[in-house]
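Written out below as structure tokens is the structure these notes cover.
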Amino acid sequence: MAENGFPEAWRLLIALALFLYGWDKIANALRDRFGERIRERVSRLTDDARQGFAAGAAATAMLWSTHATFDIAAGLTAGRLLAWRQGFFALLGGEVGACLPIVLLALPIPPHAGLALVFGLALTRGARMTIGHALIGLGLLVMGQEMARALLPTVLLPEVTLPVWIALAGGTLASLATGSPITAMGVACLVATQGGVSQATGLALLLGINLGGALSLLLAARAAPGAPLRLTIALTAAKLLGVALCWWIPLPDPASPAHPLQLAVGHFLFNAITALACIPAIAPLTALATRLAPEEFSAEQPETDVNSRYWPQYLDDDLLATPPLALAMARREVKLLAALLTEMVRLIPDALLAEDENSAGIQLLKMDDRVDEIHLAISRYLARIDTNNPTLFDEWLTTMTVINEMGAIGDVIENNLLHLAETQVRQRTQLPPEIRVALVEYLLTVRTALDQAANAYLANHPPLALKVMAMKNDIAALDSRCRMREMQSLRAEDESLAAYAFRIDLCENFKRIYYHAKRIAKAVAKA
């Protein structure tokens with residue numbers, strides 16, 4: 001107990017909070033400063049799996065965040081700028097690249113580095129604002145680190161040897177709680193500086209932290225169908241494989257204290273071994289990820305085959321006498337409509353990035369015709385349902401709103417985006433790589449919003465609908481960056497007025513798709 005009556009444990013928690021907040025602030029500043037530039041470089045430097053691995057390692061080393069590397073790899077993979085194999089090895093490389101910031105945490109930081117807080121406060125405005133935020137984060141991190149080192153001997157027993165299963169579970173929970181294996185490893189290194197971790201405990205913590213990092217990505221991607229979810233499933237399976245390979249590593253003296261650098265090097269070796277083990281196991285990992293997270297539009301859904309005549313799959317006239325069952329069948333039919341729209345949004349980059357007439361545009365036209373057919377079938381079916389019950393009327397109205405907004409999304413794609421694609425082909429407009437990456441990122445965010453809005457309706461999940469509505473800030477930021485970038489290029493005379501108008505129209509139509517998805521979410525939230 002401290003002299004002022006404030007428990008040492010609470011002071012230690014405050015120190016750890018400063019340490020973690022400073023780390024998070026550094027990572028956010030680096031992402032704001034270098035994130036877009038790194039995303040562009042990764043899209044260019046990943047011709048094969050080896051380059052993808054190296055690019056992922058460099059990205060994490062510079063951004064200090066495995067989540068940031070995941071966002072880049074998943075976004076480029078979902079936008080079809082990276083093959084799935086390249087995106088997966090970029091994630092594995094990102095885990096290895098995390099070793100650099102962990103080593104920096106393991107090394108003693110001079111106490112006077114806390115003066116960075118003063119310099120950071122002086123740089124919180126202007127073009128160097130992100131540098132200021134990084135220095136503030138460094139100052140807070142050093143303050144928290146020094147406080148924790150002074151308090152740890154009074155709170156922890158030296159050379160703690162926990163049962164390996166408890167240490168493994170503790171490392172997993174720590175990684176899930178912090179949301180990042182790097183920060184969890186930073187705390188472990190901090191505790192190890194005072195001899196508070198034995199080698200056996202350190203190994204179990206190391207394995208648990210890495211497993212928890214993969215699980216945190218899996219939880220973050222569970223509502224994002226397609227490439228992001230498949231990548232996290234494969235990464236989690238790879239981590240389990242790595243844990244199985246490293247679990248029985250013999251230690252010279254398991255009870256002796258672990259040095260922070262041993263934990264940092266152990267992190268590197270674990271992820272390097274895991275990456276090597278994934279080379280021969282890539283085929284089964286791919287099969288597992290595809291099985292657990294199949295494509296949203298595939299041969300398993302023949303009911304959405306645009307080359308055949310459409311027949312309603314679930315709209316049974318015999319159920320009209322039982323309105324609740326009829327509405328349930330209509331909801332299942334809406335699922336087919338949502339799957340078709342998801343595939344249409346996925347094909348938009350293929351149509352926009354083409355240099356000549358292509359099958360993607362023709363396929364999109366056929367899909368929109370199918371969207372109109374499904375929309376008409378559901379509308380006619382809903383019109384025949386008795387809605388005298390007020391509760392059923394709310395559900396009926398929500399379903400009608402959802403299908404109307406989905407039909408509007410199909411119209412935006414057909415009437416606006418396909419027209420822009422035809423104009424691009426006719427004028428032979430070329431999209432620079434950095435513009436292409438930015439537009440694909442914008443479209444991926446819109447697609448995620450549409451997926452989540454549809455899932456919110458299908459699962460009757462208002463919290464997910466509220467999440468879609470809250471994405472308006474992300475959409476506004478993407479739209480603002482897009483317009484600012486195009487305005488700067490126009491002022492610098494780097495592009496013609498026609499190219500400027502073309503790209504602004506793309507952003508405007510992406511935003512329209514989001515707002516239709518937002519109206520779907522709003523209808524679900526009100527129901």
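From a predicted model like this one, the values you see are computed outputs, not experimental measurements.
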Exercise for the section: Check step by step if side-chain hydrogen bond (donor to acceptor under 3.5 Å, both in side chains) holds for N416 and D505. Expected result: CA-CA 9 Å; N416 298 350; D505 283 345; over 6 Å; no
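- Tested against I378, the residues V402, L336, I403, N404 include a single side-chain contact (heavy atoms from CB on, under 4.5 Å) partner, I403.
- When all heavy atoms are compared, the tightest approach of Q452 to L464 is O-CD2, 3.5 Å.
- Nearest approach of A453 to A517, heavy atoms of both residues: CB-O, 3.4 Å.
- Taking the side chain as every heavy atom from C-beta outward, T445 and Y514 never approach each other to under 4.5 Å.
- Without hydrogens or angle criteria, T232 side chain to L229 main chain gives a donor-acceptor distance under 3.5 Å.
- Within the model, atoms OH of Y457 and CD of E395 stand 6.5 Å from one another, a figure rounded to the nearest 0.5 Å.
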Handout entry: From CA spacing to verdict: side-chain contact (heavy atoms from CB on, under 4.5 Å), F510, L478
Key = CA-CA 10 Å; F510 292 167; L478 287 169; over 6 Å; no
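- Atom OG1 of T172 sits about 8.5 Å away from atom CD1 of I209, to the nearest 0.5 Å.
- Scanning all heavy atoms of the two residues, the minimum distance from G212 to S175 falls at C-OG, 3.4 Å.
- With hydrogens and angles ignored, the 3.5 Å screen pairs no side-chain donor or acceptor of W396 with any backbone N or O of L327.
- When atom types are taken as modelled, the side chain of N455 and the backbone of D451 share a donor-acceptor pair closer than 3.5 angstrom.
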Ignoring hydrogens and angles, write down the donor-acceptor pairs under 3.5 Å from the side chains of residues 55-63, residues two or more places apart or on other chains.
unit_1	atom_1	unit_2	atom_2	d
T60	OG1	G56	O	3.3
T60	OG1	T69	OG1	2.6
T60	OG1	G94	O	3.1

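- Closest of all the heavy-atom pairs between L218 and I233 is CD1-CG1, 3.8 Å.
- We find the CD-CZ distance between E343 and R370 to be 13.5 Å, quoted to the nearest 0.5 Å.
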